[in-house]
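For reference, the structure discussed in these notes is given below.
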Amino acid sequence: MKTKLDVLLGLQWGDEGKGKIVDYLSPRYDVIARFQGGANAGHTLKIEGKTHVLHLIPSGIFHEDKINIIGNGVVIDPVIFKEECDGLSALNVDFMKRLMIAKKAHLILPSHRMLDAVYERSKSADKKIGTTLKGIGPAYTDKTARLGIRVGDVLSKDFMMKYNLLKMNHLNIAQMYNFNVDDFEIDKKSFAEYETEWFLAIEYLKKFNLVECENVINNMLDNGKKILAEGAQGTMLDVDYGTYPYVTSSNTMSAGVCTGLGIAPQRVGRVFGISKAYCTRVGTGPFPTELFDETGEILRKNGGEFGATTGRPRRCGWIDLVQLKYSVMINGVTDLIITKPDVMNDFDKVLACTSYKINGNSLSDFPYDIEDDDLKPVYSEYRGWKTYLPYDKGFDNLPEDFKNYISELKNFLDVKIFLISTGPGREETLVVEE
Ligand code: GDP
Ligand code: IMO
Ligand code: MG
C-alpha cells in the first residue's frame, strides 16, 4: 500500500527540540530524511544519559535498522560531514550502509564559509544577521544563481575545474570587500589547511551511496515505507515567511519538504509542529516577547539555552501565540508537540502573548514587520504548576494547572496536541492524543 510522508519541523526560531523528538519517533518509521539547511543546525539527542549533537546527519541514525537520507535541499560541508561520521564511528554506530546522500544536494566550499564571514563583517553591528558562519547563505545564493557545485559533481571529470572557477569567483568578491583570505581561519584552521581537509573529505563522501533522492523516496512511498522528514531551523527563520532579513537561506516550512526531497504535496501526511513552552532565538532580529529580566535569565539557565552549534547564549522569552498561530497556518500543522515545560516547573505564573498592540491598536494577525519599536505584546497569565511533571503516568495525571495551560494553547491554536516532552531524555516524552 502506498504511504504518505510525515514531516516534523520547528514552529519558532529553531532549537525547539526537533532532534530529541525525531529520535523518539524514529521507531515508528523506516526512513528519516533531512530536507533543507546544513550544519547551521544542531540537533541534540540524549540517549541512555549520553548527549549527542547532530548537524547534518538525520536524527534517526542511532536506531540501527533505520535508513537516513540527506536530501537534495540540504547544503553539505564535507569536512563537517566527515567529522560527524568520525564521531559516530568512535561510538561504534554502523552508519555507512544506512546513510544515503542526494546527488542534487549542493556543496559548501571553504570559500562559501569565507564569504559568510565577509558579508557579516561588512555589516554594521545592528545589521549583522548573526549567522552560524557555516557558509549557508553563500551556498544557497550560488544554488539560486546557478553557479553551485552539487554532490553528484564529485564524480565528474570537470570537478576540479568547477571548484577552481567558483573559488576564484568568491576570492574576487572578497577582494572587493578588502578581505584578506590569508588572515582568515575556518574552525581554527588556515584557509589552505581547511581546503586540504575539504578535498580529503570529498574522497570520503564518494564512499557513500549517492542517490537520486526523489526516485528513492517516491519508490519507497509507493512500496509502503514510512518516512519522516526532519526539519532544521524553525518557521520564523524561513527565507520567505520568517523575520526577513534575519532568517536563514532555505525554506524551513513544510512546503520545503516537496522541493527538498522531490515529492508532490499530496504525498505529505501528518505535519508535526514543535514549539517550546516558552520561546528562544539565537542571532539578531526581532523577538517581541523577549525577556531582559531575571525571568529570561532563569529560562536560559534552567533550559540550558546555549547554541548546540555555536555555543552562543540564546535569547529567551515567553511563548508567542500570535507568532505560533501564523506558523501553524503556513505549515498546515496537524499535530502540535510541546517541549521543555519542565524548565518552568518552579514558576509562580506563566505568560503567553495572545495579541500585539501597535500605537494603541490591537493586532491579532502576525504583521509584515515585527521589528517596529511600537509593537508591544499583550499577555495572558496562567497559574504555574509548581511541581515536577512526570512523563510516565499519562496526561490525565499531570497537575491541573499544567493541563489548563496546555488546553489554553490547544484552544488558541486550534490544533491537536500530540506529544509533550518533559526532559531531554528519549523516554521523557508522553503521548497526549494520537
Ligand atoms: P533542535 O535544534 O530543535 O534539535 O534543538 P536543540 O537540540 O538545539 O535544543 C534543544 C535543547 O533542549 C537540547 O539541549 C535538548 O537536549 C533539550 N531538550 C529537548 N527537549 C527537552 C525537554 O522537554 N525538556 C528539557 N529540559 N530539555 C529538552
Ligand atoms: P536548528 O536546526 C537556531 C539562525 C542563526 C542566524 C540565522 C541565519 O538547530 O534549530 P545561517 O547560519 O543559517 O545563515 O544563520 O539563523 N540559525 C539557527 N537558530 N537553530 C538553528 O538550527 C539555526 N540555524 C540557523 O543563528 O540568526
Ligand atoms: Mg538546534
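Both counts, for ligands and for their atoms, begin at 1 and track the order of listing.
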**Asked** Can you tell me which residue and heavy atom of the protein come closest to atom 11 (C) of ligand 1, and the distance to 0.1 Å?
**Response** K340 NZ, 3.6 Å
**Prompt:** atom 13 (O) of ligand 2: which protein heavy atom is closest, and how many Å away?
**Reply:** T248 OG1, 2.6 Å
**Asked** Which protein heavy atom lies closest to atom 7 (O) of ligand 1, and at what distance to 0.1 Å?
**Response** T44 OG1, 2.6 Å
**Complete:** If you scan protein heavy atoms around atom 16 (O) of ligand 1, the nearest is P424 CB, 3.4 Å
**Any A308 heavy atom less than 4.0 Å to ligand 2** = no
**Request:** From the options R281, Q233, Q12, E16, select the one whose nearest heavy atom is closest to atom 24 (N) of ligand 2.
**Result:** Q233
**Asked** Is ligand 2 less than 4.0 angstrom away from at least one heavy atom of G234?
**Response** no
**Ligand-side contact atoms (ligand 1) for residue partner G42, heavy atom cut-off under 4.0 Å** = 1 (P), 2 (O), 4 (O), 6 (P), 7 (O), 8 (O)
**Asked** Looking only at non-hydrogen atoms, which of M236, R34, K18 approaches atom 10 (O) of ligand 2 most closely?
**Response** K18
**Request:** Taking only heavy atoms of S421 into account, list the atoms of ligand 1 that are under 4.0 Å away from them.
**Result:** 20 (N), 21 (C), 22 (C), 23 (O)
**Asked** When only distance counts, is D342 in polar contact with ligand 1, meaning an N/O pair under 3.5 Å?
**Response** yes
**Proximity flag K134 to ligand 2, non-hydrogen atoms under 4.0 Å** = no
**Fill in**
For atom 10 (C) of ligand 1, the closest protein heavy atom turns out to be D15 O, 3.7 Å
**Matching residue for F184 among Y194, F179, Y177 - test: ring-ring contact (aromatic ring centres under 6.0 Å, His included)** = F179
**Message:** I'd like to check which ligand 1 atoms, numbered from 1 as shown, lie under 4.0 Å from a non-hydrogen atom of H43.
**Reply:** 1 (P), 2 (O), 4 (O), 7 (O)
**Message:** Salt bridge or not between E408 and R383? Use side-chain N to carboxylate O under 4.0 Å.
**Reply:** no
**Message:** Between R300 and T280, do the side chains contain a donor N or O and an acceptor N or O under 3.5 Å apart?
**Reply:** no
**Complete:** min-distance protein heavy atom vs atom 15 (O) of ligand 2 -> T131 CA, 3.4 Å
**Prompt:** Would H112 and H170 count as a close aromatic pair, with their ring centres under 6.0 Å?
**Reply:** yes
**Prompt:** Under a heavy-atom criterion of less than 4.0 Å, does T309 contact ligand 2?
**Reply:** no
**Message:** Ignoring hydrogens and geometry beyond distance, is a side-chain donor-acceptor pair present between S421 and K20 at under 3.5 Å?
**Reply:** yes
**Request:** Determine which of the N, O or S atoms in D15 is closest to the Mg ion (ligand 3) and give its atom name.
**Result:** OD1
**Request:** Could you tell me whether G19 and ligand 1 have an N or O pair separated by under 3.5 Å?
**Result:** yes
**Request:** Go through ligand 1 atom by atom and flag the ones less than 4.0 Å from a non-hydrogen atom of G17.
**Result:** 1 (P), 3 (O), 4 (O), 5 (O)
**Message:** Between ligand 1 and G423, is the shortest N or O to N or O distance under 3.5 Å?
**Reply:** yes
**Message:** Which of the numbered atoms in ligand 2 are under 4.0 angstrom from any heavy atom belonging to A41?
**Reply:** 1 (P), 2 (O), 9 (O), 22 (O)
**Prompt:** Under the 3.5 angstrom rule, does the side chain of N40 hit a backbone N or O of G38 as a donor-acceptor pair?
**Reply:** yes
**Request:** Output the list of atoms in ligand 2 that are nearer than 4.0 Å to some heavy atom of W13, sorted by atom number.
**Result:** 3 (C), 19 (N)
**Asked** Does ligand 2 have a heavy atom under 4.0 Å from the side chain of R312, from its backbone, from both, or from neither?
**Response** side chain
**Request:** Please work out which of T310, T132, V282, L133 has its closest non-hydrogen atom nearest to atom 12 (O) of ligand 2.
**Result:** T132
**Prompt:** Touching ligand 1 at all, R314? Heavy atoms, strictly under 4.0 Å?
**Reply:** yes
